[in-house]
Participant: 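Okay, handing you the structure first.
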Amino acid sequence: MTAPPTLMLVDGSGYIFRAYHSLPPMSRPDGTPVNAVYGFTTMLLKLLADMKATHLAVLFDAGRHTFRNEIYPAYKAQRPDPPADLIPQFPLIREAVRAFNVPCLEREGLEADDLIATYAARARATGAQVVIVSSDKDLMQLVRDGVSLLDPMKNRAIGPDEVREKFGVDPDKVVDVQALAGDPVDNVPGVPGIGVKTAAQLITTYGDLETLLARAGEIPQPKRRQSLLEHADNARLSRRLVTLRDDVEVSETLEDFALGAPDPGVVRSFLTENGFRSLLKRVEATLDTAPDPASPDTPAAVAQGVESVPDDYHLVTTLEDLDAWIAEAHASGVVAVDTETNSLKARHATLVGVSLAPRPGRACYIPFAHRAPKTEGLDLEGEGAGAAVTNIEDKDKALARLGALLADPSVLKVGHNIKFDLHVLAGAGLDTVTPLDDTMVLSFVIDGSRHGHGMDELAQRHLGRTTIPFEAVCGKGKNQITFDLVPLDQAVRYAAEDADVTLRLHVVLRQALLAARLVRVYETLDRPMIPILARMEQTGVVVDAVRLKTLSGEFARRMADLETEIHALAGRPFNVASPKQLGEVLFDDMGLPGGKRSSKTGAWSTDAQVLDTLAGEGHALPALVLDWRQYAKLKSTYTDALVEDIDRATGRVHTTYSLSVTTTGRLSSNDPNLQNIPIRSEDGRKIREAFVAPPGFCLMSADYSQIELRLVAHVAAIRALREAFAQGQDIHAITAAQVFGVPLEGMDPMVRRRAKAINFGILYGISAHGLAVQLGISRGEAGAFIAAYMARFPEIQTFMETIKEQARAQGFVETPFGRRIPIPGINDRNPAARAFAERQAINAPIQGGAADIIKRAMIRLPDALSEAGLGARLLLQVHDELVLEVPEAEIDATRDTVRRVMSTTVALTDAQGVTTVPLDVDVGVGPSWAEAH
DNA sequence: CTGTTCACG
DNA sequence: GACGTACGTGAACAGG
């Protein structure tokens with residue numbers, strides 16, 4: 001027989017205030033106050049170190065409004081706001097709890113005490129011992145056989161004797177005493193003239209509250225009798241207020257609170273980030289010890305220790321050895337894979353070697369194309385002294401066996417940015433890698449932009465391990481060598497480590513994904529995007545080089561003409577491309593008014609807005625510079641650069657998409673960026689004419705109409721906007737009619753334009769100044785527009801307040817699909833920084849939600865097209881637009897399928913499953929992107 | 001390597 | 001009453 005489990009339930013909210021008031025102000029290097037965080041963390045460490053508990057959870061109050069306010073509005077109503085320097089510590093304290101792998105719970109409308117009562121009752125029913133960690137007397141009512149209280153400040157146990165000492169009655173009568181005595185601190189009325197002492201005496205005499213009230217007439221003291229008769233209802237009300245609910249519907253069971261070892265990386269980074277160096281030192285010893293014996297099978301326990309397995313790395317040069325490693329991968333069901341190449345351009349890289357890691361610590365490196373350094377002279381198969389180079393024997397067979405492993409559905413392949421490896425492997429003829437997992441994408445889903453997701457950084461953070469830097473193996477600068485020239489002993493250490501670290505990170509991050517409840521986001525939104533994007537990148541888009549070169553020439557001529565004119569007007573030649581020199585010409589030489597100096601460097605500002613203002617005042621030079629700048633931009637960034645990006649082999653441009661760059665969950669595109677090809681200006685638009693379809697095909701562009709505004713209408717439940725979208729109306733015109741009270745028919749385009757600007761402002765977390773700048777009106781006018789908008793669509797304010805509150809409390813906001821977006825500055829001391837974070841908090845769920853939607857459509861689309869027997873191929877994604885190349889004979893059918901998939905894969909519905917806002921898709925077709933869009 | 005500018009959604 | 005301001009990217013260029 002083993003001892004019964006012991007569940008500790010910590011009253012988190014109560015402890016925060018005590019820690020705050022008992023410690024002097026402390027702050028970390030960035031200025032964030034942390035005294036309460038420090039006190040709290042110390043207490044938590046102590047509880048964990050004492051090892052008295054087998055199960056642990058920390059409970060918090062959620063918001064100030066609880067069901068008790070429904071019963072009695074004055075309850076705790078006069079409590080002052082928490083001190084300003086405590087507010088930013090609330091989310092940090094929750095982070096502390098999670099960092100130590102302890103469940104952390106709160107529930108809207110309930111106090112922490114109610115959750116404690118509920119979990120205590122449930123645990124007790126299973127035979128567990130319960131220890132409530134709190135010094136709040138309100139919890140004394142819960143003391144009974146199997147349930148005790150622990151005061152963490154005084155480290156004093158509170159049992160029935162201590163309760164009787166405090167309240168003069170048994171624990172089960174505590175609420176009756178409190179009902180009579182009341183509590184001025186919490187605004188519990190009680191019965192006037194009766195304190196704890198009298199109440200205890202009365203309850204002892206009469207047995208319980210109801211009996212006492214029924215027989216109040218028998219009380220000899222006239223004043224006491226009258227007060228009781230008069231305030232009997234107050235006593236009953238008070239009893240309801242102080243009685244804790246132990247019947248909250250909860251889904252957690254005792255097992256969910258089982259103590260598991262924390263992730264040492266998470267603990268380290270939490271303590272480091274908050275400057276708790278002494279605490280880090282104290283816990284360091286315990287972090288590397290064996291898994292917690294109390295629960296060796298919890299996922300956390302599995303993750304724990306993954307960083308301390310010793311390295312066991314091998315070079316593989318025979319098929320026999322290779323087969324043994326493949327067998328290990330089959331046995332474990334998972335293998336981390338990393339490819340080494342001679343280039344960062346995955347599609348052009350040749351496969352130099354492959355590393356495999358079937359178990360933490362165990363990894364091998366298989367060289368395929370290593371060479372001896374040239375300096376040794378003629379050296380055919382690496383027989384030269386000291387520079388023996390032996391690649392794997394029989395490369396074709398080796399590749400085939402590797403290919404079979406990669407394609408085997410029973411073995412999970414893990415990579416760090418595995419999309420890169422997919423391209424490299426495809427180049428070597430291995431084009432099926434499934435199923436797959438990506439530690440970079442996992443890290444992004446869990447932590448977003450809180451930190452980078454490079455392997456070296458993650459290894460440091462989660463495994464406390466410094467990996468061998470690439471430079472240490474290949475050098476840097478002009479002396480850098482390619483990986484095929486790296487000596488094999490070094491190559492093994494570096495490459496095997498990469499696979500090994502990837503596998504170890506996979507263990508840690510999968511566990512973290514589960515703990516953060518983000519499995520669904522990863523599985524349905526990001527993971528399936530990896531092969532989709534790989535295919536789009538591989539396909540590429542045809543770009544007409546001749547057309548671009550012609551445009552380049554045209555732009556160059558115009559620039560030359562403009563430059564001559566500009567120099568003439570300036571009276572001297574200067575570098576038009578230099579903002580510094582231009583500023584001197586405009587504001588020093590010519591002495592034009594209205595110059596602004598940048599706050600950082602003190603240089604004259606010469607951006608488009610400044611030049612535009614000057615041009616508007618009739619100055620010729622600034623207007624010419626604006627023109628010149630436009631051509632310079634188009635030429636250098638697009639027409640010249642894009643030609644260089646055309647792949648000689650395919651005649652196409654192949655961008656690289658990233659899933660783990662943006663703060664909101666959007667994709668990003670680079671090398672080249674195909675998400676910012678010009679469209680707004682006439683000249684810029686011509687660049688899109690160079691994006692064309694191959695013979696027999698045409699380009700199709702399908703874009704979501706107003707997707708972000710629809711999401712606002714959905715998320716913020718703005719009735720008027722929902723209806724307008726449902727009826728397919730012109731949303732900006734409707735807004736104008738509502739806000740400015742003008743009729744829809746014959747509307748002044750200027751009025752509509754203003755409404756449109758306000759709608760965009762809403763998406764960005766509107767400010768009067770921002771809107772004023774955008775519309776060229778005064779801040780006062782802009783403020784009046786915003787006020788009118790808020791009055792017409794009041795739901796928007798609730799949405800904004802709610803989302804900001806969520807950001808403040810949790811440090812992140814969520815898209816409607818559950819993606820988490822950290823908002824780090826939300827509790828910043830600096831009001832401007834805080835305001836910025838608040839606008840981010842408002843925009844993030846909208847922009848991120850739209851990104852989630854188009855991801856779902858992209859994941860679904862290729863299958864839908866092939867199910868329909870269509871040969872269209874996805875080429876590009878530009879946030880709300882998809883570009884495909886479509887066989888000319890299949891245009892109509894493809895248009896139908898694309899529109900259906902994009903508008904129905906995700907439905908925006910209310911709690912009843914009724915669609916709130918439809919998703920509309922505009923589809924265009926043409927020989928070039930310019931004509932399709 | 002940083003700051004400025006500007007292309008896109 | 002002062003202060004600094006729309007959200008999210010990537011790339012080219014100047015200048016230290």
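Worth knowing before you read on, the calculation uses all heavy atoms, side chains too, and leaves out hydrogens, waters and symmetry mates. A, B, ... follow the sequence lines: proteins, then strands. Residue 1 opens every chain.
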Participant: Closest-nucleotide mapping onto DNA chain C: is A:A832 or A:N843 further toward the 5' terminus? I mean the 5' end.
Facilitator: A:A832
Participant: Heavy atoms under 4.0 Å, any strand shown: does A:Q840 hit a base, just sugar-phosphate, or nothing?
Facilitator: sugar-phosphate
Participant: Hey, is A:R558 close enough to A:D627 for a salt bridge, meaning N to O under 4.0 Å?
Facilitator: no
Participant: So A:E708, base contact, sugar-phosphate only, or nothing? Heavy-atom distance under 4.0 Å.
Facilitator: nothing
Participant: How is A:I846 classified with respect to the nucleic acid when contacts are heavy atoms under 4.0 Å: base, sugar-phosphate, or nothing?
Facilitator: nothing
Participant: About how many Å separate CG of A:L699 and CG of A:L875, when rounded to the nearest 0.5 Å?
Facilitator: 6.5 Å
Participant: If you measure from the P atom in C:dA6 to the same atom in B:dT5, how many Å do you get, rounded?
Facilitator: 14 Å
Participant: Do A:R680 and B:dG9 have a side chain to base donor-acceptor pair shorter than 3.5 Å?
Facilitator: yes
Participant: Determine which nucleotide pairs with C:dC3, using a 3.5 Å limit on both distances of a Watson-Crick or G-U wobble pair.
Facilitator: none
Participant: Look at all strands and tell whether A:A577 reaches a base, only sugar-phosphate, or nothing, counting heavy atoms closer than 4.0 Å.
Facilitator: sugar-phosphate
Participant: Would you indicate what A:R839 reaches in the nucleic acid, counting non-hydrogen atoms under 4.0 angstrom: base, sugar-phosphate, or nothing?
Facilitator: sugar-phosphate
Participant: Once you apply a heavy-atom cut-off of 4.0 Å, does A:V661 come out as touching a base, just sugar-phosphate, or nothing?
Facilitator: sugar-phosphate
Participant: Closer to the 5' end of DNA chain C via nearest nucleotide, is it A:R666 or A:N670?
Facilitator: A:R666
Participant: Reckon A:G765 touches a base, only the sugar-phosphate, or nothing at all at heavy-atom distances under 4.0 Å?
Facilitator: nothing
Participant: Describe the nucleic acid contact of A:N673 in one word from base, sugar-phosphate, nothing, applying a heavy-atom distance below 4.0 Å.
Facilitator: sugar-phosphate
Participant: By nearest atom, which of the nucleotides C:dG10, C:dG8, C:dA6 is closest to the A:Y764 side chain?
Facilitator: C:dA6
Participant: Please state the P separation for the pair C:dT5 and B:dT4 - nearest whole angstrom.
Facilitator: 12 Å
Participant: Please work out if A:E881 contacts a base, only the sugar-phosphate, or nothing of the nucleic acid, heavy-atom cut-off 4.0 Å.
Facilitator: nothing
Participant: Take the angle between the ring planes of A:F691 and A:W929 and call it parallel below 30°, perpendicular above 60°, tilted in between.
Facilitator: perpendicular
Participant: Counting heavy atoms not belonging to A:R597, are there more than 12 under 6.0 Å from its CZ?
Facilitator: yes
